[in-house]
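Data first, discussion second: the structure below is written as structure tokens.
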Number of protein chains: 2
Amino acid sequence: MEYTIQKLGRMAGVSTRTLRYYDEIGLLRPARINSSGYRIYGPKEVDRLQQILFYRELGMSLEAIREVISSPSFDRVQALREHREKLLEKRAQLDLLLINVEKTIEACEGRIAMSDQEKFIGFKQKLVEENEEKYGREARDKYGDEAVDRANRKVLNMTKEQHEELESLSRELAETLRAAVKTGDPAGELAQKAADLHRKWLCFFWDEYSGEAHAGLARMYVEDERFRAYYDKDQPGTAAFLRDAILIYTGLKE
Amino acid sequence: MEYTIQKLGRMAGVSTRTLRYYDEIGLLRPARINSSGYRIYGPKEVDRLQQILFYRELGMSLEAIREVISSPSFDRVQALREHREKLLEKRAQLDLLLINVEKTIEACEGRIAMSDQEKFIGFKQKLVEENEEKYGREARDKYGDEAVDRANRKVLNMTKEQHEELESLSRELAETLRAAVKTGDPAGELAQKAADLHRKWLCFFWDEYSGEAHAGLARMYVEDERFRAYYDKDQPGTAAFLRDAILIYTGLKE
DNA sequence: AGTTGACATTAACGTAACGTAAAGGTGTAA
DNA sequence: TTACACCTTTACGTTACGTTAATGTCAACT
């Protein structure tokens with residue numbers, strides 16, 4: 001099956017300008033040019049465009065997309081599996097946003113209170129997106145001078161190191177918490193380590209740490225059933241366990 | 001609670017540059033400037049930023065956001081309810097994309113066939129987004145000269161009229177189909193009207209209509225259990241009913 | 001045979017929403 | 001007092017296209 005630029009655009013839901021731009025930057029070249037200079041796209045281009053749109057949907061830059069799908073080691077099925085994972089992550093984040101908006105409505109109506117922290121839960125998807133952009137380049141640069149370059153510099157929001165630390169911190173927290181819940185003892189070593197990791201994680205966003213605020217957030221995790229359902233979805237009771245651990249950690253257990 | 005620019009940025013997950021930009025364009029002004037010229041944000045600004053981020057998440061332009069939330073008739077709770085609806089739509093579209101990626105994986109592995117149309121299911125969210133941008137302005141312009149202006153012009157992808165026609169067509173199709181399913185007769189008048197509406201809807205994207213392709217798409221809706229589950233989610237049996245109606249409509253019932 | 005009107009082309013300037021860098025003032029902890 | 005993380009304004013750069021202009025192509029109607 002062959003398509004002119006408009007037909008392909010209509011089918012895929014993109015403008016002709018977009019397709020010409022993709023041609024211009026070498027991201028998606030037409031299969032051939034007919035005698036009148038028209039761009040003609042074939043089945044291979046259709047599939048490539050689909051791949052491009054998947055990556056675009058996940059917030060990757062066109063430059064990075066081109067590097068990835070033009071790589072000789074590019075594995076289409078593998079890429080699709082990764083898309084699936086990323087789309088699932090995105091949906092989880094969307095669910096958080098939905099909880100957020102529902103809670104905000106109730107807060108507006110004065111039925112519940114809401115901390116400033118809570119008001120921004122679910123907006124952090126950027127962390128995922130930025131991640132992707134960098135991984136594409138890093139693979140090519142093989143952790144070259146860019147890493148060394150940025151190492152000695154401060155960046156506005158977060159340096160790459162901070163970002164990576166945050167990622168590994170999140171993972172460590174999740175693992176520790178999972179193990180701690182199994183012990184069943186919120187005063188135990190593992191649980192207290194989890195509370196400490198949670199404090200460190202918070203300090204990435206807060207920068208004025210107080211035990212009261214920490215404990216307040218912990219209570220909030222549990223008191224609102226919708227958030228609790230989200231946090232408990234892997235292991236029931238996790239939110240309550242973390243709250244108890246934090247209350248002990250901060251010495252505010254009353 | 002008061003925040004400096006960086007603290008607010010960290011909490012909300014946006015850069016300081018973004019906050020300064022929002023100040024510059026009058027979208028989010030700080031509560032006050034302290035004696036050193038520092039921007040200080042208060043609780044009202046926190047809430048306003050949250051609103052801005054909700055709208056931004058839904059793809060609205062900053063200009064349109066400002067118009068909406070600065071309007072004297074702006075109702076915060078009403079806006080939040082709309083956010084909820086839009087977020088739910090977005091999640092539904094994400095689910096379609098997930099089905100798409102899963103089907104594509106199977107198609108890559110040669111287990112199933114996939115039409116070119118199917119490959120782009122779930123990428124149409126732009127229709128929703130563009131919609132929003134315009135509604136914001138239209139409310140202000142009161143369908144002024146812009147409508148007249150664009151009326152006589154051809155637009156690359158779709159004119160506003162085409163877009164609106166598509167929207168109303170989609171609604172009409174959904175309603176007709178819902179009523180037709182209740183009759184239970186795919187050869188009946190309502191069902192055939194639904195099939196005709198579906199053909200018109202298709203012609204917005206296809207532009208080369210053929211009964212075979214139409215029937216092929218109809219079969220596809222039903223044969224794949226995942227798509228079927230999606231289309232049947234309001235009323236079970238809808239997909240199969242539509243397929244039967246289309247097979248009769250195209251005279252290709254074999 | 002001419003005209004219309006939807007399609008296609010290149011070229012080039014415009015735009016949104018910031019990123020990034022430069023040059024410098026502020027606040028506090030060592 | 002020196003370091004260093006914070007703040008400021010100014011200004012140019014970037015991405016991913018939108019938009020306009022000027023022009024060629026093609027099938028259909030008159």
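Letters go in sequence order (proteins before strands), and every chain restarts at 1. Worth saying up front: this structure is predicted, and the values here are computed from it rather than measured. The figures here come from the full heavy-atom set of this structure, side chains too, leaving out hydrogens, waters and symmetry mates.
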For this session: Check for a donor-acceptor pair, side chain of Ser71(B) on one end and backbone N or O of Ser73(B) on the other, with a separation under 3.5 Å.
Result: yes

Problem set entry | Whether Asp23(B) side chain and Arg29(B) backbone form a donor-acceptor pair below 3.5 Å |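 Absent.
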
For this session: Looking at every strand, decide which applies to Ile5(B) at a 4.0 Å heavy-atom threshold: base, sugar-phosphate, or nothing.
Result: sugar-phosphate

Is it true that [X] and [Y] have a side-chain N and a carboxylate O under 4.0 angstrom from each other?
X	Y	answer
Lys86(B)	Glu89(B)	no
Asp116(B)	Lys119(B)	yes
Lys90(A)	Glu85(A)	no

Whole angstroms only, please: what is the [atom1]-[atom2] distance between [X] and [N]?
X	N	atom1	atom2	result
Tyr21(A)	dT15(D)	OH	C1'	6 Å
Leu53(B)	dC18(C)	CG	C1'	14 Å
Leu19(B)	dC18(C)	CG	P	10 Å
Ile25(A)	dT14(D)	CD1	C1'	13 Å
Arg10(B)	dC6(D)	CZ	C1'	11 Å
Arg17(A)	dC13(C)	CZ	P	13 Å
Glu57(B)	dA17(C)	CD	P	15 Å
Met60(B)	dA17(C)	CE	C1'	16 Å

Exercise. Parallel, tilted or perpendicular: which fits the ring planes of Phe54(B) and His83(B), with parallel below 30° and perpendicular above 60°?
Worked result: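 Parallel: the ring planes of Phe54(B) and His83(B) meet at under 30°.
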
As a test of reading the structure: which of [options] is closest to the side chain of [X], going by heavy atoms?
X	options	result
Ser15(A)	dC7(C), dA17(C), dG18(D)	dG18(D)
Thr18(B)	dC7(D), dG19(C), dC7(C)	dG19(C)
Arg20(B)	dA8(C), dT8(D), dC7(D)	dT8(D)

Exercise. So, is Tyr22(A) near the phosphate of dC17(D), with a side-chain N or O under 4.0 Å from OP1 or OP2?
Worked result: yes

Exercise. Distance check: side-chain N/O of Gln6(B) vs OP1/OP2 of dA5(D), anything under 4.0 Å?
Worked result: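 False: Gln6(B) side-chain N/O out of range (4.0 Å or more) of dA5(D) OP1/OP2.
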
For this session: For residues His214(A) and Ala195(A), report the shortest heavy-atom separation together with the two atoms involved.
Result: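 Smallest interatomic distance, heavy atoms only, reads CE1-O, 3.8 Å.
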
For this session: Check each residue of residues 26-48 of chain B for a non-hydrogen atom within less than 4.0 Å of any atom in DNA chain C, then write out the ones that pass by number, or none.
Result: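 By residue number: Ser36(B), Tyr38(B).
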
